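Just below is one structure, and these are the notes that go with it.
What you see is a predicted model; the values in this text were computed from it and never measured. Just so you know, ligand 1 is whichever comes first in the structure, and atom 1 is the first atom listed for that ligand.
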Amino acid sequence: MSETANSRAAALSHLRSHGFTSGDPIPLPLTMASIFHTPGVETGVDQYGRYDNPTWRAVEHVLGHLEDAQCVSFPSGMAAISAVFFALLKSGDRVLLPADGYHATRAMAERFLKPLGITCDSRPTPTFLDGGFEAYRLVFIETPSNPRLDICDISAVAKAAHEQGAILAVDNTTMTPFGQRPLDFGADIVVSADTKAVNGHSDVLFGHVASRNADIIAGVTDWRAMVGGIPGPFEAWLVHRGLETLEVRFDRMCSSAEIIARRLKEHHAVRGLRFPGLDGDLSHNLARAQMDRFGFLISFELSSEEKAEDFINNCQLIEAATSFGGVHTSAERRSKRGDAVPAGFVRLSVGCEPVEELWRAIAESLDRTGG
Ligand SMILES: *Cc1c(COP(=O)(O)O)cnc(C)c1O
């Protein structure tokens, strides 16, 4: 990691201490409250739990520290993404989405934006720049895209979008702020499903919107307060706890993924392996330019649905589960969820297990499954 990423990581655990007075708890207290003591007409204090909560502020402070931006937290990744769409778009606007990104983003746009008179188009991530961005109000990308791990050039998309008067939002779920910081490359908005690696323990759904533009932050904050799609304080508290170990977990996961991707690629049963960190991967050069780490997701194909199921279900150190980014290594055959990929396509999310033990379990299961 770069020196600045390391200094952000080092400062993270001590952010709260600047406000300490004697006897304060070092870890974050959990504030479960819908109402607060508000005699008289004083403003600028907590009054009602739909507007703000001290535990949200703590998690937003940490996320904002990592993003160098203001952050607004949400009860899921989709709540964060829909806040961006519904707070910033109006009838007659055009939005451009990745054709190969997280499926619910496209489905939500089709189902709920289109009837409001918002035009939704999509394009594949590897050729996202082709065709330009004329007439778009919002351009939305996901890089690396989930599940195929294709990449597009954040700086180039930001520049071209801005020239046409569009704003750029980036879904940074697969990378976390320790792996990639799209705002540094000119993006206007980052959205993230903190359900995944940021929380990291697969026990919470959560999301955030980050931006360095005060109007955008005001818009999504207002949306959250009015619509009432707010995170629970306990969930915020758990995500805050997850953030305290994110750098350690992410470092282990990315380092292990680099080793495992290289070995998997050599295995006779594996085809079409994608990992942005591998020399020769279609994404590699761009990945080196804009990513701080190469992530913990690996995708590849086995020869059939049965082989892929056998491999996943019979590996001692892989959980058969959707989602990714947890401490437990997990995998899923993505055609099961409707992604446009072959039946034997596997997305592997490398977890925090010691790498040699993990590799041994993966190799054993692959060998048993056969090519
Ligand atoms: C999981 C995911 C989301 C949605 O997050 P939820 O917390 O499940 O709502 C959005 N984008 C990407 C890339 C994801 O992987």
Any idea how Phe133 and Tyr136 line up, ring-wise: parallel (<30°), tilted (30 to 60°), or perpendicular (>60°)?
perpendicular
What are the atom names and distances for all N or O pairs under 3.5 Å between ligand 1 and the protein?
from	atom 1	to	atom 2	distance (Å)
ligand 1	7 (O)	Gly77	N	2.8
ligand 1	7 (O)	Thr195	OG1	2.6
ligand 1	9 (O)	Gly77	N	3.2
ligand 1	9 (O)	Met78	N	2.8
ligand 1	11 (N)	Asp171	OD2	2.7
ligand 1	15 (O)	Asn146	ND2	3.4
ligand 1	15 (O)	Lys196	NZ	2.6

Just checking, any donor-acceptor pair under 3.5 angstrom between side chains of Thr173 and Asp171?
yes
For the residue pair Asn146 and Arg334, confirm or rule out a side-chain donor-acceptor distance under 3.5 Å.
no
Taking atom types as modelled and ignoring hydrogens, do the side chains of Thr38 and Gln47 form a donor-acceptor contact shorter than 3.5 angstrom?
no
Can you pull the ring-ring contact (aromatic ring centres under 6.0 Å, His included) pairs that have at least one residue in residues 269-295, sequence neighbours excluded?
His284-Phe294
For Leu278 and Leu273, what are the C-alpha separation, side-chain angles and deciding distance, and is it a side chain to side chain contact (heavy atoms under 4.5 Å, CB included)?
CA-CA 10 Å; Leu278 283 185; Leu273 182 133; 3.4 Å; yes
